[in-house]
Amino acid sequence: MTGRVRTEPAGGETAPRTEAPAAPPAPAVLRAGGRRLLRAAMRRTRALMGVLVLCTLLRVLATLATPVMLARAIDAVHTGRPPGGALTGLAVVLAVAALADAGEDLAGSYCGSHVTAWLRHRLIGRVLELGVPGRRRFPTGDVLSRLTESASGPAAFPVQLVSVAATLATTAGAVVALGLIDWTLALAFALGVPPAVVVLRVFVARAGEPFADYARHQAAVATRLLDAHQGIRTIRASGTADREVARILRPLPLLRDAGHRTWAVQGRVGWRLALLAPLLQVAVVGVAGLRLATGDITPGGLVAAASYTAMAVGAAALFDTVVALLNCEVSAGRVQEVLDTVPAVAPPPRPVALPDGPGRLSLRDVTVRIGDRTVLDRLDLTVPAGTGVAVVGASGTGKSVLVSLVGRLLDPQEGRVELDGVPVTAVAPPELRRAVAYAFERPALLGATVHDTIAYARPEATRAQVRRAARTAAADDFVRALPDGYDTPLDRAPLSGGELQRLGLARAALTGARVLVLDDATSSLDTATEMKVTRALQRLLARRTSLVVARRPATAARADLVAWLDGGRIRALAPHAELWADPDYRAVFGTAPGPGG
């Protein structure tokens, strides 16, 4: 198994993917989107940001005041004055700095967790809105990477942003203090500022692309790993684990290259700043020593000058903060990329109510394209109300695509789909979900218990209603045999494929929808169970419109009509018995025993 493992949603509910994978956005676009999202996040946490800024401001002021208090204490001792007042002031300043630092850490943690929670809620909501078409553009592993790594990265942004402001404020205050001690000290420091600014600007301009590439290649590894995990049985049975490991790790050279480029840019900038900072410190302290020798500053002034110089060159540490902020921008940009994606199936701006109707379906001139391939080509199909129609066609002819249009799991590029005379695109999604119910080959287990998964679309349903739906799907007996019956947690409910399908049928039966769509929903049933479920379905589907994706002649034979899909259009709409005389129709199913299936 050397190709890509076919991925499916939880439980295997499948539908077509209609979007090609999008090219990764340019680093500048990615960072611009990240900045927009980060600004929005800051607005949502403005109260906590206010506390964080206040604590940071107190810490900066206390830090700037510390050398002054220290200088006063030294000069008091040097001149023989009592140092008690200066030492008390120094103790107060240090206590304020410590308390402000603790408050900073607490406010920053709360602010970061709020940002992460908000980003994850928005990201999950948009992924669910994108639905089936969005799964091709953003595969499972990619979404997981964005949800974990990318959404948590910006948690550091509030603290880092305030840290930049605090560092700049501390540096500016230190330079002003140097000027107040002696103007030549401030001038000596100012000479080193332009080179540092140029180095940082070059880093920001060059580091965006490798940072973005690194995150993208990490997501590619995660996507391949999840693909392989979903196909683990096939991989083990085929004995191709070594090849799968190689496939999963194939992006590693690209990941390594992006990492090397990132480290190279950081290294070139880091050593320059690491060299500039001590040279600048030595220069300022040297000038201060000369001014002390000429009597222009006091010994306390020399100590204060050394302290303020150390604070000022602390701005070199902004490099690490800039790296962190750039990571935050890239991470937020990856989240914003998903948020900026417009759902292919959007709710109507002015919803139209469905009339009370029996469920008449009409597909008019419908065209659906997947990539460069036209799957449905100006297809026309009318399903009379209360009629059961089996959709039949060779593999890949678009049977699942066709039935997905009815409940708007996807929309056609051209044409109209109507339910009881109303375009489904004009109906509010919740109302359409109540009118059209689906049962899939491998239904997803959603909820906490077996009761929850049957009542997923109708959480208000009573136990009696849930049991009635389960009996309809021939599921009541095995559910009651579970350890806690309907209250059995799903992770403690060992279910076969056929039992899963019967739970999906029970879920569909509970909705009371006017249209039922069964996408190969009985394929995993054994013969005896299928007979039971077939009798139950006959009661369930009586006087109800249904579309059944049929891959076996027996399933097609039980339907009122068969919609034979061929070449993107309906080749025939007739009973199974009539179509069976056509050898091309029989070829759709392969070898079959006879017209009854």
Open item on the list: Please check this pair: side chain of T374 against backbone of D377, looking for a donor-acceptor N/O pair closer than 3.5 Å.
Closed with: no

Task: Atom CZ of R44 with >12 non-hydrogen neighbours under 6.0 angstrom - done: no

Open item on the list: Do R571 and Y585 have side chains that approach each other closer than 4.5 Å (heavy atoms only, starting at C-beta)?
Closed with: no

TODO: Please confirm whether the backbone N or O of A474 pairs with a side-chain atom of R502, one donor and one acceptor, at under 3.5 Å?
DONE: yes

- [ ] Verify side chain to side chain contact (heavy atoms under 4.5 Å, CB included) between W564 and L573, making sure each step is shown before the conclusion.
- [x] CA-CA 6 Å; W564 180 7; L573 180 64; over 6 Å; no

TODO: Indicate the atoms forming the closest heavy-atom contact of R120 with A151, along with that distance.
DONE: CG-CB, 3.6 Å

TODO: Verify, without hydrogens or angle tests, whether T45 (side chain) and A41 (backbone) share a donor-acceptor contact under 3.5 angstrom.
DONE: yes

TODO: Using only heavy-atom distances, determine whether the side chains of Y486 and D476 contain a donor-acceptor pair under 3.5 Å.
DONE: yes

Task: Side chains of S400 and D519, donor plus acceptor under 3.5 Å - done: yes

Open item on the list: Quick check for you: to the nearest 0.5 Å, what is the distance between T425 atom OG1 and D411 atom CG?
Closed with: 6.5 Å

Task: Cationic N near anionic O, under 4.0 Å, R334 to D142 - done: yes

Open item on the list: Return the CG to CG distance between L225 and L249, rounded to the nearest 0.5 Å.
Closed with: 9.0 Å

- [ ] For the residue pair L445 and L503, establish whether any side-chain heavy-atom pair is separated by less than 4.5 Å.
- [x] yes

Open item on the list: Less than 4.5 Å apart, side chain to side chain, heavy atoms only: is that true for Q465 and L510?
Closed with: yes

Open item on the list: Measuring centre to centre across the rings, with the benzene-like ring taken for any Trp, is W580 within less than 6.0 Å of H576?
Closed with: yes

Task: Test item: V427 and L419 side chains (from C-beta on) under 4.5 Å apart, heavy atoms - done: no

Task: Contacts of Y438 that satisfy ring-ring contact (aromatic ring centres under 6.0 Å, His included) - sequence neighbours left out - done: F440

Open item on the list: Nearest 0.5 angstrom please: L123 CG to E337 CD, how far?
Closed with: 11.0 Å

TODO: State plainly whether the residues R458 and E460 are in salt-bridge range, i.e. N to O under 4.0 Å.
DONE: yes

- [ ] Would you mind reporting whether V338 and R146 have side-chain heavy atoms less than 4.5 Å apart?
- [x] yes

TODO: Would you sort out whether V368 and L405 count as a side chain to side chain contact (heavy atoms under 4.5 Å, CB included), showing the intermediate values?
DONE: CA-CA 9 Å; V368 175; L405 300 174; 4.0 Å; yes

Open item on the list: Contact between L482 and D487 at the side-chain level, heavy atoms closer than 4.5 Å - yes or no?
Closed with: no

TODO: Spell out, as yes or no, whether a donor-acceptor pair under 3.5 Å connects the side chain of S150 to the backbone of L147.
DONE: no

TODO: Check whether any side-chain heavy atom of R360 lies under 4.5 Å from a side-chain heavy atom of T387, and answer yes or no.
DONE: no

- [ ] Nearest 0.5 Å please: distance from the CG atom of L518 over to the CD atom of Q501.
- [x] 10.0 Å

Task: Whether T545 side chain and G386 backbone form a donor-acceptor pair below 3.5 Å - done: yes

Open item on the list: So which atom in G33 and which in Q336 form the shortest heavy-atom distance, rounded to 0.1 Å?
Closed with: O-CG, 3.5 Å

TODO: Can you sort out the partners of T397 under side-chain contact (heavy atoms from CB on, under 4.5 Å), two or more places apart, ordered by chain and number?
DONE: A394, K399, L565

Task: Considering all heavy atoms, the nearest A508-A439 contact - done: CB-CB, 4.2 Å

TODO: Supply the atom-to-atom distance T453 OG1 to L500 CG, rounded to the nearest 0.5 angstrom.
DONE: 8.5 Å

- [ ] For the pair R122 (side chain) and V335 (backbone), establish whether a donor and an acceptor sit closer than 3.5 Å, ignoring hydrogens and angles.
- [x] no

TODO: Kindly determine whether D380 and R569 satisfy salt bridge (charged side-chain N to carboxylate O under 4.0 Å, His left out), including the steps that lead there.
DONE: CA-CA 7 Å; D380 290 298; R569 298 187 181 183; over 6 Å; no

Task: Side-chain (D365) to main-chain (G415) donor-acceptor, under 3.5 angstrom - done: no

Task: Residue pair L37, W118: steps toward the side chain to side chain contact (heavy atoms under 4.5 Å, CB included) verdict - done: CA-CA 11 Å; L37 187 59; W118 181 66; 3.9 Å; yes

Open item on the list: Looking at R126 and D340, is there a salt bridge between them, counting it only when a charged N and a carboxylate O are closer than 4.0 Å?
Closed with: no

- [ ] List the steps and the verdict of side chain to side chain contact (heavy atoms under 4.5 Å, CB included) for D584 and R586.
- [x] CA-CA 5 Å; D584 290 341; R586 294 197 302 273; over 6 Å; no

Open item on the list: Is it the case that the side chain of T367 and the backbone of R378 share a donor-acceptor pair, with hydrogens and angles ignored and the cut-off at 3.5 Å?
Closed with: yes

- [ ] Locate the shortest heavy-atom distance separating A457 from T511; write the atom from each residue and the value.
- [x] CB-CG2, 3.9 Å

Task: For the student: nearest non-hydrogen atoms of A550 and A390, plus distance - done: CB-CB, 4.0 Å

Task: Note, R480 side chain near R467 side chain (heavy atom, < 4.5 Å) - done: yes

- [ ] Would you confirm whether Q413, through its side chain, and R369, through its main-chain N or O, come within 3.5 Å as a donor-acceptor pair?
- [x] yes

Task: Nearest heavy atoms of V422 and P355, plus distance in Å - done: CG2-CD, 3.5 Å

Task: Test: R471 and D477 ion pair at under 4.0 Å - done: no

Task: Under 3.5 Å: donor-acceptor pair, side chain of D560, backbone of G388 - done: yes

- [ ] Using a cut-off of 6.0 Å, state whether more than 12 heavy atoms not belonging to F478 lie near its atom CZ.
- [x] yes

Task: Nearest-0.5 Å distance, CZ of residue R250 to CZ of residue R224 - done: 5.5 Å

Open item on the list: I'd like to know if R247 and D242 make a salt bridge, using a cut-off of under 4.0 Å between side-chain N and carboxylate O.
Closed with: no

